[in-house]
Amino acid sequence: MNTCKLLLTSAMALIATQASAQTVDVQQYWTSASESKAMNVIADAYKAQGGTWIDSPSADYDSTIAAATSRIVGGEAPSAVLMTPNGAMLDLADAGLLRSLNELRDAEGWTETLAPLILDRVTVDGDMVALPLGVHADNWIWYNTAIFEEVGIEEPTSIDELFAAADAIKAAGYTAFAVGGEPWQEVYILTDMILSLGGPDYWNKIMVERSDEALQDPLLVEAFELFRKVADYTDAGSPGRSWNATTNMVITGEAGMQFMGDWAKGEFLAAGQTPGEEFGCFIMPSETPAYAAVTDVFVFPETGEDEQVAGQDLLALTVMDPEIEVKVAAVKGSVPARTDVDLSGLDMCAAKGAQALGTPGVAVASTYDALPGDLNGQLIDMATQFWTDPDMTAEEGAAALRDVLAD
Amino acid sequence: MTHWFKRQMFRPVFTVVAFFAVIAIFFYGSIGWTFIMSLTKSTLIPRYDFVGFDQYVELMDNKRWIVSCINMVVFGLLFIIGSLILGSILAILLDRGIAGEGAFRTIFLYPLAISLIVTGLGWRWLLDPSIGIQAMVRDMGWDNFVFDWLTQPDRAIYTLVIASIWRSAGLVMIIVLAGLRSVDGDLWKAIRMENVPVWRAYVQVIFPGMRPVFASCIVLLMSEVIRGYDLIVAMTNGGPGISTEMPAKFAVDFFFARMNLSLASAASILMLLLSLLMLAPYLYSEFRRRD
């Protein structure tokens with residue numbers, strides 16, 4: 001019994017001496033090859049400055065949020081949680097569980113250096129509650145350059161040209177659009193069409209303000225017609241196919257193009273391909289340029305322990321360091337959230353994205369970030385119903401969308 | 001001696017009390033908490049702002065939930081009936097004194113030992129039109145052969161039935177076989193003397209006497225239906241579209257991916273009621289017989 005006690009006390013003493021003044025316990029889900037490299041960039045820089053980093057990885061986004069919520073509610077809050085600025089973050093912020101970073105923001109002048117959209121996304125009721133690690137976007141199209149050359153087409157600059165390109169690819173015997181069968185993949189095609197037809201202003205009206213008037217616009221019917229039209233260019237193996245198996249069709253030259261967020265780039269790179277050589281990328285063509293951003297952020301739950309607060313401060317400065325922002329972006333395939341960083345190290349796709357993010361009025365929040373509660377989930381359910389039910393008309397689709405988004 | 005004896009008297013009581021306390025807290029307590037949550041507007045974090053039965057109303061308005069419930073009924077009926085028929089036929093064949101009974105018994109029971117995720121993935125590959133059975137038959141020369149149920153929204157649910165029957169028929173077989181083995185030898189002698197055809201003997205004499213055996217099978221299979229989650233996730237993940245969604249998957253998705261605690265709780269409570277409803281006929285007949 002006594003030895004037990006002794007062991008316990010010495011173990012505790014050991015922990016106490018090991019823990020320096022700055023400790024963070026990071027609940028995160030960046031576990032794939034490129035993601036964990038990106039997280040290590042942050043962790044290494046943080047540790048280099050003398051901080052103690054406790055890694056609490058989960059398998060995916062959902063389990064991270066579930067674990068973090070349980071820990072917060074149970075009084076054992078992690079000091080940092082990786083998430084996106086969506087409904088879950090609003091919930092946590094509204095419940096007063098997240099630390100406000102206003103002091104750091106003002107001291108470091110982040111209001112000036114962050115892209116306006118991103119600053120808006122991480123601010124809830126005037127409080128900055130999250131730190132952007134990098135920005136991805138939904139509305140990219142990835143293509144196989146060899147197929148484009150073979151059929152003699154350039155990167156399309158309008159929706160008409162996009163479908164003309166698809167016709168040419170189809171005529172040459174390839175699958176024009178590689179489409180996977182998971183509901184979240186299908187919804188991107190619809191939102192790409194809406195954003196392309198309506199531009200950023202209209203997008204904000206229906207996704208952020210969710211105005212009834214804007215939701216009546218016949219433009220939505222047209223978007224659903226285009227969404228349906230894409231089905232003519234897919235292959236029979238589409239239902240149920242995962243997104244990376246679908247990307248692989250473009251990599252191997254089975255299919256010409258894929259609608260997918262820029263995380264798809266990781267698959268091309270992992271296959272040993274180079275942007276601009278074997279594969280190319282362009283943002284969904286539209287009249288008014290638009291970029292549907294998804295942001296990765298850290299939120300800092302209130303922990304009430306000085307050591308962890310000091311750790312959070314150090315982590316915040318590390319994450320927002322321009323050099324670290326660029327390094328993370330380069331490894332993960334994202335775009336830095338700061339607009340004042342040196343972009344020369346980014347590849348051509350990331351450079352296109354950074355340019356779009358930096359141009360005023362182009363970037364909008366993707367549905368994932370913009371829609372509160374489980375509205376994004378309802379939108380996905382609705383889109384996949386439309387996609388898999390050929391009898392549903394575009395008018396019915398637009399009406400169903402209105403039902404989901406109207407308050 | 002008396003001291004030891006007293007201790008033995010105390011133990012069962014203590015064990016039972018501890019057992020019931022655990023059940024009361026973790027089982028009925030959780031059910032109670034889920035019910036309370038279903039009456040609130042909680043999303044990610046539990047909040048106690050009560051809105052009455054709003055979540056249930058919303059659930060009834062949710063197409064995905066309705067589709068899930070219909071799927072459970074269709075899948076449940078076909079799966080239970082199919083497993084019982086196939087399992088019984090296998091049991092009869094083994095009972096007729098087939099050579100190598102032990103080997104066959106093991107082969108038919110094996111699917112049950114495979115995890116549902118593996119079962120689902122295996123069947124998914126088999127039924128995938130571009131790489132599975134359809135592709136194989138086409139390679140053999142029948143170019144127009146079509147078997148793409150997995151990718152058809154109105155057929156995909158039947159592929160789940162096929163995979164589930166494949167997995168559970170062996171279980172039914174082993175239970176029915178045990179029942180058949182306990183049939184009195186005299187009964188068979190009488191059947192032989194009366195010169196009753198074998199199939200009539202099973203359908204009209206042997207099986208009616210084995211009602212409790214089939215009731216056990218049905219209860220076992222029903223719990224598979226209500227819990228149905230892993231197989232769907234591995235095989236179709238609810239798709240194409242929402243055509244193969246099930247209530248358990250609905251609840252899990254809304255708890256953990258959609259962060260809608262209250263709606264998921266309402267769904268869970270309805271699932272509990274549904275399962276009680278499905279078990280009611282069985283419980284009723286059991287109690288009635290005892291009276």
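Chain letters run A, B, ... following the sequence lines, proteins first and then strands; every chain starts at 1.
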With A/Phe386 via ring-ring contact (aromatic ring centres under 6.0 Å, His included) - residues at least two apart: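 Scan of A/Phe386 (ring-ring contact (aromatic ring centres under 6.0 Å, His included), adjacent residues dropped) gives A/Phe224, A/Phe227.
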Part of B/Pro240 within contact of chain A (heavy atom distance under 4.5 Å):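 Contact with chain A is through both the backbone and side chain of B/Pro240.
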Which atoms of B/Phe254 approach chain A - backbone, side chain, both or neither, heavy atom under 4.5 Å: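 Contact with chain A is through the side chain of B/Phe254 alone.
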Side chain, backbone, both or neither of A/Leu97 within contact of chain B (heavy atoms, under 4.5 Å):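 Side chain only.
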Structural part of A/Ala88 lying under 4.5 Å from a heavy atom of chain B: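 Backbone plus side chain of A/Ala88, per the 4.5 Å heavy-atom cut-off to chain B.
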Taking atom types as modelled, which donor-acceptor pairs link chain A and chain B at under 3.5 angstrom?
from     : atom 1 : to       : atom 2 : distance (Å)
A/Asp91  : OD1    : B/Thr43  : OG1    : 3.2
A/Asp91  : OD2    : B/Thr43  : OG1    : 2.2
A/Asp91  : OD2    : B/Leu44  : N      : 3.0
A/Gly240 : O      : B/Arg124 : NH2    : 2.5
A/Asp374 : OD2    : B/Asn260 : ND2    : 3.0
A/Gly377 : O      : B/Arg258 : NH2    : 3.4
A/Asp381 : OD1    : B/Arg64  : NH1    : 3.0
A/Asp381 : OD1    : B/Arg258 : NH2    : 3.2
A/Asp381 : OD2    : B/Arg64  : NH1    : 3.3
A/Asp381 : OD2    : B/Arg258 : NH1    : 3.3
A/Gln385 : OE1    : B/Lys63  : NZ     : 3.3

Heavy-atom pair with the smallest gap, counting every atom of A/Pro183 and B/Gly241: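 Shortest heavy-atom separation between A/Pro183 and B/Gly241 comes out as CG-O, 4.5 Å.
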B/Phe27 atom CZ: more than 12 heavy-atom contacts under 6.0 Å: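 No - once you tally the heavy atoms of other residues, nucleotides and ligands closer than 6.0 Å, there are 12 at most.
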Pairwise distance CD1(B/Ile45) to CD1(A/Ile72) - rounded to 0.5 angstrom: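 Spacing of CD1 (B/Ile45) from CD1 (A/Ile72) equals 7.0 Å.
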